[in-house]
Amino acid sequence: MEERYFPQKNEKEILEQWEKNNTFKTYNDSDKPKYYALSMFPYPSGKLHMGHVRNYTITDVIARFKKMNGFNVLHPIGWDSFGLPAENAAMQHGANPAKWTDENIAYMTKQLKMMGLSYDWDREVTTCKPEYYKWTQWLFLQLYKKGLAYKKEAAVNWCEKCGTVLANEQVIDGKCWRCDSVVEKKYLSQWFFKITDYAEQLLKDLDKLEGWGENVKTMQANWIGKSEGAILKFKVVDAPDGKDLEIPVFTTRPDTVHGITYLVVAPEYKDIELLTTPENKEKVEEYRQNARRMTEIERLSTERVKTGVPLGTHCINPYTGETFPLWTADYALAEYGTGAVMAVPAHDTRDFDFAKKYNLPLKVVIQNSENPSDCKDAAYTEEGVLVNSNEFNGMKNTDAKKAITQKAVDNSFGEFKTQYRLRDWLISRQRYWGAPIPVVYCEKCGVQPVKEEDLPVLLPEDVDFSIVGKSPITTSKTFKETTCPVCGGKAVRETDTMDTFVCSSWYYMRYADARNKEKCFDKDLANKWLPVDQYVGGIEHAILHLLYSRFFTKALKDLGLIDFDEPFKNLLTQGMVLKDGSKMSKSKGNTVDPDEIFQNYGADTARLFILSDSPPARDFDWSDAGVEGCYKFINRVWRLVSDNFKYINVNYSIPENLSKDNDTLLRNVHIAIKGITNDISNDFQFNTVISKYRELTNAIYDRLSKNFEGTEEDKNVFSFAVLMLIKLMSPVTVFMAEKIWQELGYKTSIHDEKWPEWDENLAKSAGITLVVQINGKVRDKIEVQNGLSQDELKEMALNSPKVKEQIAGKEVVKTIVVPQKLVNIVVK
RNA sequence: GCUCUAGUGGUGGAAUCGGUAGACACGUUGGACUUAAAAUCCAAUCGGGUGAAUAACUCGGUGCCAGUUCAAGUCUGGCCUGGAGCACCA
């Protein structure tokens, strides 16, 4: 055995063996229980970054641990390979997006293999390949048939720089999630998925997801944004052309209805022209133009003073008979509720600000009886009792909500209503590098889905990427013109492609049956492997990918394609990889290239280090010294074996009645097995797992340095300790463990070994340190043997000379004995 | 503003049930080995105080203020600070 460990040479050699022996292939038929471990699949951007390394290492260790614990583990990988960067590369360097993507995948595949990840490469999926996107298109057609995919004209988010529309979820602070440029509003006809049909289920089923972090669940709940309230309708009394018009509003505060002093409609409100008097027309029109020109950022700014203009018309309040004016103001949002708001300045801070600016009246209808407010300086938004509200006076406002809405229901001017903030998912993209939306437009038959047997609708290759301002796909001469699947007449293809998040909303199901040419996947296989037992990825997908995937799962279940209704049972959101306290990024120039680490220290060091310093969910600060430390530790373990090779007997047996030193080591091994197993099982605390590797290593070295004579007993216990250490480390330092295993003469892989078990009686030290406290302060520590009775412990504590000295002349009030731990003597 | 999350040495972080605060490392300092260096090994390392002392002892200490308890990093109430998400959502 070599004196030093040479990662570069050994890792390469071992990789070749694993590949040859198919060590990590997953078979569908197995008697073992299944376990599905999954990392969020990467975008093939060119090279792995440290975030990838962290993500894949965490999942890999979980997969290997579960495999050693007797599970049939599915641990696949693939490529989220559609998307803009490939297209941008094509535009900038004249490269073909497919070629660019393929080259990146090839390089990153090499890197992933170098990391020693236990993937079943036979299940690799690549979303940009026709054999995959055929099924993305097929699923689109199923959703279309169910009415869950539809086209509508709407105000949508437009990113000029990316030349495409974006989903709501992809607009961050009014900016594009990808390129950070300001998003504009455009009115376009676009394809949507009806995710809002599932708003309630998506919200309710969050409760089922016990293995998800509270942060992710609340983020999703906030995004879905459920509000219970009422729709109340108000008749317009003086519409300019004498029409009978009604304005419905959504409110969560029907209890304040008697306090309405005006009503606001959004500038984009559909009937606004019918509600405007001729005298006000010009001003209203001007205001609407302005509102339209404003960017989301300007409009959403809470700093901005509220503005608006009166329409000149009025409504009547059916509860009071009072009339009140109509205004338009951009603090009312067209897309939420009905686009109209009843304004109660006394009890809503926004209405209060607006009323104050335009000198609109306010009317108090809720009072706190102990501390009444006239609402002159601020709106009163707390709970209270109704006043100035006719028959509802004296009622608690929480009760009044229901009673007042009920009155509207009884008199047909309102209803109970649950409102969600979630909007439908806009999936059209005016880009080339995505799955074409499989529909055609026929002059006679209108919108028609492509026939399933004609899938996939292939991306054309005769496209020109140099033309700016339109989707490259529209430059194809062959793509657009086609025939109608119904009448056979002339038709044109949809040139929009699907949001890449559609592709990634079902890839984890495809892994169950990745090579199926007849179906998107076999139902039984999907039901067998899913849901994913452990999903690992970045928090940045807390809403986007994770919400879309949940929607897909529910929709696919309703389509009868699967039997489960949540895709990911447990979710681990790993923290970021930082360098010098801030996120690694090219622009900051603080990146560390994984290749360099693999070259200089080997993949084992990278794996060990990235798990060692922080728990997985927390941010991790990369330090060169830390890498160095891990590399040293790997060599320390290697030397432990190589320097003491002569003492190792793989067919060891542990005799009874060990010497004290050997007994201590034996116990330390059992303590380590127990601790490491628990740490992995309990939230994957890999940082403490690695400290326990070090503790055990230290304990074994300790044994060697004291009275180690190389007797049969010494050798047997030492052998046991070393072999267990290597096994415990094998999910993390995968190459070194395998190499040592081979050096010890094994012909099979250590990665097919069973996880070690511990003996509960041995997983504790032979004696305990009894802590003796007086009034809760530590005063003495006594080494005692295990298993003494409470009285014996108490006796020993009271006999301690230090204790005697301290309690002399005082009265012992009480003595508390904690078995196996401490005695606390309370004195006065 | 609302929601979630965290706060422990010089640093990363440990600490099942409330029971020795600071495991394991990094860093630093000193030492051994060496002609020298690297590598390796050993020791010290929360702060204050008493002591000639690397002896012995003692007090304080887990963001702040209270409380519960024999005992609080851990439980309860109130605050402060950082991070994240949402945000004129009626």
Side-chain angles (χ1 to χ4, degrees), chain A residues 4 172-173 213-223 225-227 229 249-253 256 264 266 299-304 306 329-333 335-344 347-351 353-354 381 419-423 539-540 542-543 573 575-576 581 609 612-615 617-630 632-633 635-636 639 675 678-679 682 685 687-695 697-698 701 705 769-781 802 813-827:
Chain A
R4 267 195 65 198
I172 316 287
D173 292 332
E214 216 47 53
N215 52 344
V216 178
K217 287 197 277 186
T218 32
M219 274 161 77
Q220 291 212 356
N222 288 342
W223 189 260
K226 181 178 180 172
S227 300
V249 304
F250 172 73
T251 181
T252 53
R253 295 296 305 273
T256 63
V264 180
R299 187 166 163 176
L300 290 179
S301 164
T302 41
E303 301 296 302
R304 205 163 67 86
K306 290 183 177 44
D330 62 6
Y331 82 89
L333 305 174
E335 320 87 70
Y336 184 74
T338 64
V341 190
M342 61 179 229
V344 184
H347 304 296
D348 182 279
T349 51
R350 294 152 304 181
D351 298 342
D353 293 345
F354 190 80
T381 56
Q419 183 72 43
Y420 300 90
R421 278 163 48 187
L422 184 69
R423 310 284 152 81
I539 186 80
E540 66 274 15
I543 292 171
T573 48
M576 288 185 299
F609 176 54
S612 66
D613 264 11
S614 297
R618 245 190 266 183
D619 286 350
F620 175 87
D621 211 337
W622 184 273
S623 82
D624 297 336
V627 179
E628 199 71 45
C630 284
K632 284 181 188 172
F633 176 59
N635 275 293
R636 184 166 148 86
R639 281 195 314 274
N678 287 343
D679 284 356
N682 173 25
Q685 295 177 49
N687 55 328
T688 54
V689 168
I690 287 159
S691 347
K692 281 164 188 151
Y693 292 161
R694 291 176 184 272
E695 280 174 5
T697 307
N698 291 345
Y701 269 111
S705 69
T769 306
L770 181 71
V771 174
V772 184
Q773 298 182 330
I774 294 170
N775 290 341
K777 290 195 192 296
V778 180
R779 285 292 176 260
D780 199 8
K781 295 172 191 177
K802 283 182 191 166
V813 183
K814 200 172 174 185
T815 313
I816 290 111
V817 182
V818 181
Q820 305 291 310
K821 275 232 169 77
L822 64 70
V823 177
N824 188 12
I825 301 159
V826 186
V827 296

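Quick note on labels: first sequence line is chain A, next is B, and so on, each numbered from 1.
Scored by the salt bridge (Lys or Arg N to Asp or Glu O under 4.0 Å) test, A:Asp679 finds A:Lys692 as partners (sequence neighbours excluded). Not counting sequence neighbours, the partners of A:Lys802 by the salt bridge (Lys or Arg N to Asp or Glu O under 4.0 Å) test are A:Asp780. For the side-chain contact (heavy atoms from CB on, under 4.5 Å) test, residues two or more places apart in sequence or in another chain that qualify with A:Val827 are A:Ile774, A:Asn775, A:Ile807, A:Lys810, A:Val812, A:Ile825. For A:Phe620, the ring pair (Phe, Tyr, Trp, His ring centres under 6.0 Å) partners two or more places apart in sequence, or in a different chain, are A:Phe609. Checked against salt bridge (Lys or Arg N to Asp or Glu O under 4.0 Å), A:Asp613 has no partners two or more places apart in sequence or in another chain. Taking the side-chain contact (heavy atoms from CB on, under 4.5 Å) definition, one finds that A:Val216 meets it with A:Trp212, A:Ile539, A:Ala542, A:Leu546, A:Leu571, A:Thr573, sequence neighbours left out. Considering only residues two or more places apart in sequence or on other chains, A:Asp348 meets the side-chain contact (heavy atoms from CB on, under 4.5 Å) condition with A:Arg350, A:Asp351. Remark: A:Arg636 pairs with A:Arg639, A:Thr697, A:Asn698, A:Tyr701 by the side-chain contact (heavy atoms from CB on, under 4.5 Å) rule, at least two apart or across chains.
Mapping A:Asn698 and A:Met342 onto RNA chain B via the closest heavy atom, the residue that lands nearer the 5' end is A:Asn698. Nearest-nucleotide mapping onto RNA chain B: of A:Lys821 and A:Thr338, the residue sitting toward the 5' end is A:Lys821.
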field: Secondary structure of RNA chain B in dot-bracket form (Watson-Crick or G-U wobble, distances below 3.5 Å, | marking inter-strand pairs)
entry: (((((((..(((......[....)))((((((.......))))))(((((.....)))))..(((((..]....))))))))))))....

Are there any protein N/O atoms within less than 3.5 Å of an N/O atom in nucleotides 12-14 of chain B, and if so, which ones and at what distance?
from: B:G12; atom 1: O2'; to: A:Asp613; atom 2: O; distance (Å): 2.9
from: B:G13; atom 1: O3'; to: A:Asn687; atom 2: ND2; distance (Å): 3.1
from: B:A14; atom 1: OP1; to: A:Asn687; atom 2: ND2; distance (Å): 3.1

Atom pairs under 3.5 Å, N or O on each side, protein against nucleotides 36-46 of chain B: can you list them with distances?
from: B:U40; atom 1: O3'; to: A:Arg639; atom 2: NH2; distance (Å): 3.4
from: B:C41; atom 1: OP1; to: A:Arg636; atom 2: NH1; distance (Å): 2.6

Interface polar pairs with nucleotides 66-70 of chain B, N/O, under 3.5 angstrom:
from: B:C70; atom 1: OP1; to: A:Lys814; atom 2: NZ; distance (Å): 3.2
from: B:C70; atom 1: O2'; to: A:Asn824; atom 2: ND2; distance (Å): 3.3
from: B:C70; atom 1: O2; to: A:Asn824; atom 2: ND2; distance (Å): 2.5

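Contact between the side-chain N/O atoms of A:Asn215 and the OP1/OP2 oxygens of B:G83 is not found at any separation under 4.0 Å. Listed pair A:Lys777 / B:G60 meets the phosphate criterion, a side-chain N or O lying under 4.0 Å from OP1 or OP2. An OP1 or OP2 oxygen of B:C24 is reached within less than 4.0 angstrom by no side-chain nitrogen or oxygen of A:Tyr693.
Counting only heavy atoms from C-beta on, A:Tyr331 has its side chain closest to B:C88 among B:A90, B:C88, B:C59. With B:C4, B:G19, B:A90 as the choices, the nucleotide that has an atom nearest any side-chain atom of A:Leu822 turns out to be B:G19. Which of B:G85, B:C24, B:A90 sits closest to the side chain of A:Thr252 comes down to B:A90.
Across all their heavy atoms, A:Val264 and A:Ala332 have their closest contact at CG1-CB, 3.8 Å.
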